[in-house]
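Report on the following structure.
Every number for a ligand or one of its atoms is a count from 1 in the order of the listing.
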Amino acid sequence: MTTTLFTGIAELRTVSDAGTLSDAALITTDGIIDWVGQADELPDDYNIDETIDLEGRTVLPGWVDSHTHMIFDGDRSAEFEARMAGESYQAGGIAVTMEATRSAGEQRLEQLLQERIAAARAGGTTTFETKTGYGLNTESEIEAAKVAARHVDDVTFLGAHLVPPGADAEEYLEEVVGPMLEGIAKHVQWIDVFCERGAFDEEQSRRVLQAGIDKGLGVRVHGNQLGEGPGVSLAVELGAASVDHVNYLSDEDVEKLAASETVATMLPACDLSTREPLAPGRRLLDAGATVAIASNLNPGTSYTSAMNFCVTTAVLQQHLSLDEALEAATAGGAKALRRHNVGEGKDPQGRPAKGTLVPGAAADLHVLDAPSAIHLAYRPGMPMTYQTYVAGQRVFG
Ligand code: NIG
């Protein structure tokens, strides 16, 4: 058993009812938080093995990046450049990544994934979800899911990302809900669908999601990214853990989200990169919805895992308070993955909860090289992540 004491914490953001503490300390044992509080109230009955003095820095829960597409090969910078020159985003670019991903091979996909995880940890991310969705045939989708399951906390099956070029939509859907789902289900926790004009319509999306539910998978939905549509209402109807993008929402969509357990996940880096309007975070929060912020790391619409940037954007441009943005990128992301604290630091499955710093929760820490977290937005874009800890182990800094 190893017990570690963190001292010298100028500001500790617990993202819990305990709120924000100044001049704080934190104790972890074997990857779990044991105690948090004021430094001058430290209990004296602990056998401390190691003390880490953070010398006046800020500690917050590691970012919970609940929406990424990290398993891919290929480069789409030309598509991005054309978009910056005025082209609009077309989901068809997914096909370019598909070719590269299919031919990459398992070893290269794994290496790329590990590099992306390391880069994200250097920006304070400690919990990762990734989707499949760039293989788009049974063999490649299963390969991607297996690689992901070795490194990522939660894996989502997104065979219904796009109908591969040249394929018949009905035949492809048969494959998705048939052999693809059958082969992939044991490697993933979630099923997702790109419910959007140009991808899958409501009926097709319902079919995919229902097949996943029948296999025991949880539901997530890509919805309302490029225009109003059925994504949000379908997600709420099927009890999805999250509906992601949510750029174009009717009043009814917002009301449904507010009355549900479905988290509205906002992807601000993607919105900027596609020049879509930023998701209406203020409107969602004012209505009472739970929101998450995620990076949407992918080669087409958001080639970044920089959660610091996403949080800064939410404060500066989406008019969230710092508290709201921090919560959305930690506890909100955890709720979107159903890894949030439901009591005594445990998630709904009894695992150490993510996205909060309370006793019993995972010792996933993000140390900012700043005396308070507002510096994320006050000094936008400055290097701010000093150290990252996953289950008490330093993985960056
Ligand atoms: O979340 N919207 C659908 N899927 C990805 C982008 C896919 C791509 O263009 O490669 C997204 O933005």
I94 heavy atoms, cut-off 4.0 Å: which ligand 1 atoms fall inside?
7 (C), 8 (C), 9 (O), 10 (O)

Assess F72 for proximity to ligand 1: is some non-hydrogen atom of it under 4.0 Å away?
no

What residue and atom, counting heavy atoms only, is the protein's closest point to atom 7 (C) of ligand 1, and at what distance?
Y134 OH, 3.3 Å

Closest non-hydrogen protein atom to atom 9 (O) of ligand 1, residue and atom name please, with distance?
Y89 OH, 2.5 Å

Ligand 1 contact on N296 by region, counting heavy-atom pairs under 4.0 Å:
side chain

For S372, does its backbone N or O pair with a side-chain atom of T58 as donor and acceptor, under 3.5 Å?
yes

E327/K335 ion pair, N-O < 4.0 Å
no

For D347, is there an ion pair with K354 - N to carboxylate O distance below 4.0 angstrom?
no

Strictly by modelled atom types, are R76 and T97 linked by a side-chain donor-acceptor pair under 3.5 Å?
yes

Do other residues, nucleotides or ligands put more than 12 heavy atoms under 6.0 Å from Y46 OH?
yes

Where ligand 1 meets T301 - atom numbers and elements under 4.0 angstrom, heavy-atom basis:
6 (C), 9 (O), 11 (C), 12 (O)

Does an N or O from T97, backbone or side chain, lie closer than 3.5 Å to an N or O of ligand 1?
no

Report, in ascending order of atom number, the atoms of ligand 1 lying under 4.0 Å from any heavy atom of R76.
8 (C), 9 (O), 10 (O)

If you measure from each non-hydrogen atom of H67 to ligand 1, which part falls under 4.0 Å: side chain, backbone, both or neither?
side chain

For ligand 1, which atoms, with element, lie under 4.0 Å from some heavy atom of H245?
1 (O), 2 (N), 11 (C), 12 (O)

Would you check if there is a donor-acceptor pair between the side chains of N47 and D49 at a distance under 3.5 Å?
no

Exactly one of Q107, E115, Q114 clears side-chain hydrogen bond (donor to acceptor under 3.5 Å, both in side chains) with Q111, and that residue is E115

Exam field: side chain Q387 to backbone F396, donor-acceptor pair closer than 3.5 Å
no

Is the shortest N/O to N/O distance between E79 and ligand 1 below 3.5 Å?
no

Any carboxylate oxygen within less than 4.0 angstrom of a Lys/Arg side-chain nitrogen, looking at R108 and E110?
no

Give the atoms of ligand 1, by number and element, whose distance to some non-hydrogen atom of Q225 is under 4.0 Å.
2 (N), 3 (C), 12 (O)

Non-hydrogen atom of H161 closer than 4.0 Å to ligand 1
yes

